[in-house]
Amino acid sequence: MKPAAIIVGLFLLLLAACSSEKEHTAPAILERDSVAMMTSYGVSTLISDSGVMKYRIVSERWEVNTVKRPSRWIFSRGIFLEQYDKKFHIAAYIQADTAYYYDEMKLWELRGRVTVRTKDGLRFRSEELFWDQGLHEMYSNRYSRLVTPEREMEGSYFRSDEQMRHYTVTNSKGSFERGDSGFGNSAGDSILSAPDTTKAKLRNPTQPIRKK
């Protein structure tokens, strides 16, 4: 066989091999709103409003998504909040397994094991709590339990001001004097160790319900 024929044959074989190669590409991301715009780990930061410190956030993971509507902050690995009064004194501790903050609505949605303790000795537990900073109120449509220095209450609807000084518990299952229930026992209540927030042990989104 002539050398020219051999060269032409080899060229045709290489061309066929190249044309049979498959291009390996990753599928396109269709859910743009599922991608966080910013993700931070090991967060401990102060949040202010109009130059006044409002609260402190401690969380293992903080995602900011400005594409999803409404835009939101996502705390999928738990959150611990210190709420401050006008004199920058701690007014309350708030803890939850999962939290969402809808910045355009100024609305917090807390899910999972939600626990609140105020400086006045009030303690609150539920699996859901909304904190509307625009209306300056908190509310829950899930079973909630409230402990004050005088008594304990439980019901399927809770509403109060954001300092939890004036509150309502409806569809109540009872009102008990302190000591009648194990809920008043501080053992195992992780929020009681809250003063040192850096040592706090932190532990699925739905469309928020905004009260009118």
Side-chain angles (χ1 to χ4, degrees), residues 47-50 52-58 70 72-73 75 78-186 189-192 194-195 197 200 205-212:
I47 304 297
S48 63
D49 185 7
S50 302
V52 179
M53 291 297 176
K54 292 295 187 179
Y55 47 91
R56 177 176 180 158
I57 293 176
V58 179
R72 65 200 64 189
W73 302 350
F75 302 89
I79 192 171
F80 188 90
L81 289 167
E82 285 181 343
Q83 184 183 3
Y84 301 121
D85 60 19
K86 294 180 180 179
K87 296 182 178 180
F88 199 55
H89 296 149
I90 296 175
Y93 301 112
I94 303 173
Q95 186 173 344
D97 289 339
T98 307
Y100 307 91
Y101 177 67
Y102 305 94
D103 52 336
E104 296 175 358
M105 306 166 66
K106 292 187 176 182
L107 177 68
W108 280 96
E109 178 186 350
L110 307 170
R111 294 284 181 181
R113 289 167 289 187
V114 182
T115 309
V116 181
R117 185 184 181 186
T118 72
K119 65 179 181 180
D120 299 323
L122 179 146
R123 279 183 287 167
F124 169 89
R125 282 184 180 176
S126 182
E127 294 183 355
E128 166 196 276
L129 182 64
F130 292 96
W131 176 11
D132 192 322
Q133 294 179 317
L135 298 178
H136 303 290
E137 67 177 17
M138 294 180 170
Y139 57 91
S140 175
N141 298 302
R142 301 287 296 276
Y143 169 78
S144 304
R145 199 159 191 180
L146 189 73
V147 176
T148 71
E150 295 80 23
R151 63 179 58 203
E152 301 177 14
M153 293 166 284
E154 56 184 31
S156 58
Y157 178 76
F158 168 81
R159 186 170 186 170
S160 78
D161 61 346
E162 58 187 2
Q163 287 80 30
M164 284 197 170
R165 293 176 181 170
H166 307 284
Y167 47 82
T168 300
V169 179
T170 59
N171 298 328
S172 177
K173 294 185 178 180
S175 175
F176 313 98
E177 295 297 324
R178 287 296 306 275
D180 291 347
S181 169
F183 182 75
N185 189 352
S186 62
D189 190 352
S190 62
I191 205 166
L192 294 181
T197 57
T206 60
Q207 190 71 14
I209 303 173
R210 188 175 176 86
K211 288 287 181 179
K212 296 183 179 179

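Here the straight-line distance linking atom CG of L81 with atom CD1 of I57 works out to 5.5 Å at 0.5 Å rounding. Interatomic distance, NE2 of H89 versus CD of Q83, reported as 14.5 Å (0.5 Å rounding). Annotation: the span from M138 atom CE to R159 atom CZ amounts to 13.5 Å, rounded to 0.5 Å. Summarising the geometry, atom CZ belonging to R113 is positioned 9.5 Å from atom OG1 belonging to T98; distances are rounded to the nearest 0.5 Å. Atom CG of N141 sits about 10.5 Å away from atom CG of L129, to the nearest 0.5 Å. Atom CD of Q95 is separated from atom CZ of R125 by 10.0 Å, given to the nearest 0.5 angstrom.
Of all heavy-atom pairs between M105 and D132, the closest is O-OD1, 4.4 Å. Closest approach of R111 to A96, counting heavy atoms only: O-CB, 3.7 Å. When every heavy atom of L110 is checked against every heavy atom of A99, the shortest pair comes out as CD2-CB, 3.6 Å. In this structure, D85 and K119 approach most closely via the heavy-atom pair OD2-NZ, 3.6 Å. When all heavy atoms are compared, the tightest approach of S140 to E128 is OG-O, 2.8 Å. The two residues E152 and V147 have their closest heavy-atom pair at CG-CG2, 3.8 Å.
For the side chain to side chain contact (heavy atoms under 4.5 Å, CB included) with S160, the qualifying choice from Q163, M164, E162 is M164, the only one to do so. With respect to E109, the side chain to side chain donor-acceptor pair (under 3.5 Å) criterion is satisfied by exactly one of Y102, W131, Y100: Y102.
Formation of a donor-acceptor pair under 3.5 Å by the S144 side chain with backbone atoms of R142 is found in this model.
Annotation: side chain of I90 is in contact with side chain of Y84 (closest heavy-atom distance under 4.5 Å). You'll find the side chain of Y101 stays beyond 4.5 Å of the side chain of I47, heavy atoms only.
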side-chain contact (heavy atoms from CB on, under 4.5 Å) assessment of I79 paired with W108: CA-CA 12 Å; I79 192 171; W108 280 96; 3.6 Å; yes
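A donor-acceptor contact closer than 3.5 angstrom links the side chains of E154 and Y143.
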